[in-house]
Each structure stands twice: as structure tokens, then as C-alpha cells.
Number of protein chains: 2
Amino acid sequence: MTTVSLELVQPKPQALFFQAMANPVRMQILNLLREKGSLNVTQICAGLGMEQTHVSHNLRCLAFCGLVTASRAGKSRVYSINAETVLPLLKIVDVHLRKYAANLLTCEGLER
Amino acid sequence: MTTVSLELVQPKPQALFFQAMANPVRMQILNLLREKGSLNVTQICAGLGMEQTHVSHNLRCLAFCGLVTASRAGKSRVYSINAETVLPLLKIVDVHLRKYAANLLTCEGLER
DNA sequence: ATGTCATATGACAACTGTGTCACTTGAGCT
DNA sequence: AGCTCAAGTGACACAGTTGTCATATGACAT
């Protein structure tokens, strides 16, 4: 049984959207792309000091959810941030964190 | 004493922020508050058809992370949404979901 | 076609979050 | 005080996500 809402807000995809961003590795990737523009997987691995497999797994998630876009360039695959959605989002969060970063880091249940 | 970061973006609190929103119940609470304004716990429970304990647990998280604010009113405790942060955020996400909702629902690794 | 570089995929153990239980605290009443 | 309604807390099992392993695919060059 599904509870149909009037405004047709669907909490499930909303939650999944945030879940896609709720990971330090994926956030690091997004921050790197937002700072440096388009990068391939090797550059991202180097920039973050991480294994290729790990980065690829997380890029797959980011791309599938529309947070980054991908395109081939020879042997490489170049990833760019979805500027329309992610940039304004991160700006809002940055402001929020100036007040609440300390709280978030100690919120039990969200211990990473 | 604030840790002011110029380019120093901290992925951990960022990820935790999104983690706080990455839950269907917490999203439902936020959507309800955004639609109906301030509500107490009993009203939220009734509105969502959920147990009080469950709702309280999630409200605690939301309040601690600064996504909602709380205040006493007699026996009740009234919760309101953090309009400054949450409303613009959800607007951006709503737009994104028009394109990517289907993807998010089938993104493996994010199966809820 | 074979080699090699660049990246993606599949599977699985370990850790983390979620939801439910029983219980406690707090506020207002008589 | 004791009673009752309103909401918060602690603990634990289950289910979900994460990161690492080994392996597979794709593209370019010789």
C-alpha cells in the first residue's frame, strides 16, 4: 500500500538523492571536480590518493544519479560536475556548516 | 573560535549533512513541516502514521543537525523547519528529481 | 591480433544505520 | 503528593552500505 501525497513529493527518491551525496569519498570527488573542472579517473585517484576501483565504484553511483556527467576522451573517461544542481546545493550546505559542522560531527547515529 | 576555511572544504561534515537527510522518514518529516508549518510530535506521528518513538528518534537527529528547530509549548514540543537552509535545498532537489528520480530508484548500492 | 593502458564490473566480509523494544523524563492537572 | 499525557532515551537484531579483492571490458598502438 502506498500513501499518495497531494503535492506528489516522493520522499524515497529524495532520500536516495541525499544518500548519493552522503559519503565522504563521493563528496571529495564532487569537491575536487568543483574546484578543478573536468577530470579523468586517474587524475581523481591521484588527487585524492585513492584506489582506482574505489573511485570508479563511486563515480558510477554519482553518474547514475545525475550528479556528474561522463564522456570519453580517447582511452580516458572524463567526468564533470552537474553544475546546475550540485553547485548551488553545495553553496547552501557550506553556509549551513559554518553553524552546524561541529554538531554534525558528533551526531550519534551518523558516526562515520 | 571558528575554523574558517577558504578552499578547505571538509567532506566529512558535508557527507554527514547529507546523511542526515538521507532517510525516507526524515524526508517525510521535513516535507510535512514544509507543507504544514510548525507541528508537535503527536501531529507528526498522526500525519505520517508512525510510532512516536520512531519519529522522536529522527527528530532528534534533524534538530541536532540544525535542519529543524524545537521549542516547548505546554506539554508539547513544537518543531519547525529550518527555512533558510532546507527550503531552497529541497527546491533544487525537486527540480533534479524531475529528470533523475527513476535512476535514483534503481541505483544499485542505494537500495532502500 | 596482441600488448598495454584506462576504466568498469562482480562478489563478499566488515562495518554502520535503522527500527522496535522496554523504560525514563518532563509538564500540567486535581 | 500522585496521576496522566507528551515526548525522549538506551539497547539490540536485522538489513543496508562500504571498501577491497580478483577479473573483465574498452581503446589505442604496434
Side-chain angles (χ1 to χ4, degrees), chain A residues 11-13 15-29 32-33 38-65 68-80 104-112, chain B residues 11-12 15-29 32-33 38-65 67-80 104-112:
Chain A
K12 234 179 185 173
L16 287 168
F17 174 90
F18 290 114
Q19 175 93 17
M21 305 195 72
N23 175 292
V25 173
R26 293 196 285 274
M27 279 312 310
Q28 279 179 277
I29 293 174
L32 194 67
L33 288 176
S38 303
L39 295 174
N40 65 35
V41 179
T42 307
Q43 292 171 318
I44 296 173
C45 290
L48 303 179
M50 287 179 178
E51 286 189 31
Q52 178 264 315
T53 304
H54 194 193
V55 171
S56 274
H57 268 304
N58 284 291
L59 278 171
R60 176 190 160 92
C61 174
L62 289 172
F64 197 71
C65 298
V68 303
T69 56
S71 66
R72 269 224 171 268
K75 285 194 252 185
S76 300
R77 202 146 213 268
V78 175
Y79 287 89
S80 315
L104 282 155
L105 286 169
T106 57
C107 182
E108 50 183 79
L110 310 178
E111 294 146 21
R112 179 129 309 173
Chain B
K12 234 181 187 173
L16 287 169
F17 174 90
F18 289 113
Q19 175 91 22
M21 305 196 71
N23 174 293
V25 173
R26 292 196 286 274
M27 279 313 308
Q28 279 179 277
I29 293 174
L32 194 68
L33 288 176
S38 301
L39 295 175
N40 65 35
V41 179
T42 308
Q43 292 172 317
I44 296 173
C45 290
L48 303 180
M50 286 179 177
E51 284 190 33
Q52 180 263 314
T53 304
H54 193 193
V55 170
S56 273
H57 268 303
N58 284 292
L59 278 171
R60 176 188 160 93
C61 174
L62 289 172
F64 197 71
C65 298
L67 301 174
V68 304
T69 55
S71 65
R72 267 222 170 268
K75 284 195 254 185
S76 300
R77 204 145 211 268
V78 175
Y79 287 90
S80 315
L104 282 155
L105 285 169
T106 58
C107 180
E108 50 184 78
L110 309 178
E111 295 149 21
R112 178 128 313 174

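Here the structure is a predicted model, which means the values were calculated and not measured.
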Verdict with reasoning, A:E108 to B:R60, per side-chain contact (heavy atoms from CB on, under 4.5 Å): CA-CA 10 Å; A:E108 50 183 79; B:R60 176 188 160 93; 3.4 Å; yes

Rounded distance in Å - NE2 (A:H54) to P (C:dA8): 14 Å

Hey, is the main chain of B:A20 close enough, under 3.5 Å, to the side chain of B:R26 for a donor-acceptor pair? yes

Would you say a side-chain N or O of A:Y79 is under 4.0 Å from OP1 or OP2 of C:dA6? no

If you compare all heavy atoms of A:Y79 against all heavy atoms of A:L33, which two are closest, and at what distance to 0.1 Å? O-CD2, 3.4 Å

Which residue pairs pass the salt bridge (charged side-chain N to carboxylate O under 4.0 Å, His left out) test with at least one member in residues 15-24 of chain A, sequence neighbours excluded? none

Find out whether B:S56 and B:V41 are in side-chain contact, i.e. whether some heavy atom of one side chain is under 4.5 Å from a heavy atom of the other. yes

Going by heavy atoms closer than 4.0 Å, what residues in residues 38-46 of chain B are next to DNA chain C? none

Round to a whole Å and report the spacing from CD of A:Q19 to P of C:dT18. 8 Å

Between NE2 on residue B:H54 and SG on residue B:C45, distance to nearest 0.5 Å: 10.5 Å

When you check the phosphate oxygens OP1 and OP2 of D:dT17, does a side-chain N or O of A:N23 lie under 4.0 Å from one of them? no

Quick one: B:Q28 CD to C:dT18 P, roughly how many Å, whole number? 14 Å

Could you go through nucleotides 26-30 of chain C and list every protein N or O atom that sits under 3.5 Å from one of its N or O atoms, giving the distance for each pair?
none

Whole angstroms only, please: what is the CG-C1' distance between A:L59 and D:dG19? 15 Å

Rounded to whole Å, the CZ-P distance (A:F18 to D:dG16) equals 22 Å

I need the full list of salt bridge (charged side-chain N to carboxylate O under 4.0 Å, His left out) pairs touching residues 40-55 of chain B, with sequence neighbours left out, sorted by first then second residue. none

Run the salt bridge (charged side-chain N to carboxylate O under 4.0 Å, His left out) test against B:R72 and tell me which residues pass, sequence neighbours left out. none

Full working for side-chain contact (heavy atoms from CB on, under 4.5 Å) between B:Q52 and B:V55: CA-CA 5 Å; B:Q52 180 263 314; B:V55 170; 5.8 Å; no

What is the distance, to the nearest angstrom, from the CE atom on B:M21 to the P atom on C:dT18? 13 Å

Taking B:N23 for its side chain and B:Q19 for its backbone only, find out whether a donor-acceptor pair lies under 3.5 Å. no

Restricting both atoms to N or O, compile the protein contacts to nucleotides 9-11 of chain D shorter than 3.5 Å, with distance only.
from: D:dT9; atom 1: OP1; to: B:R60; atom 2: NH1; distance (Å): 3.4
from: D:dT9; atom 1: OP2; to: B:R60; atom 2: NH1; distance (Å): 2.9
from: D:dG10; atom 1: O6; to: B:H57; atom 2: NE2; distance (Å): 2.9

Enter the distance from A:I29:CD1 to A:M50:CE here, rounded to the nearest 0.5 Å. 7.5 Å

Return the value, rounded to whole Å, for the distance between atom NZ of B:K12 and atom P of C:dT16. 11 Å

Distance check needed: C:dG17 P versus A:L16 CG, whole Å only. 17 Å

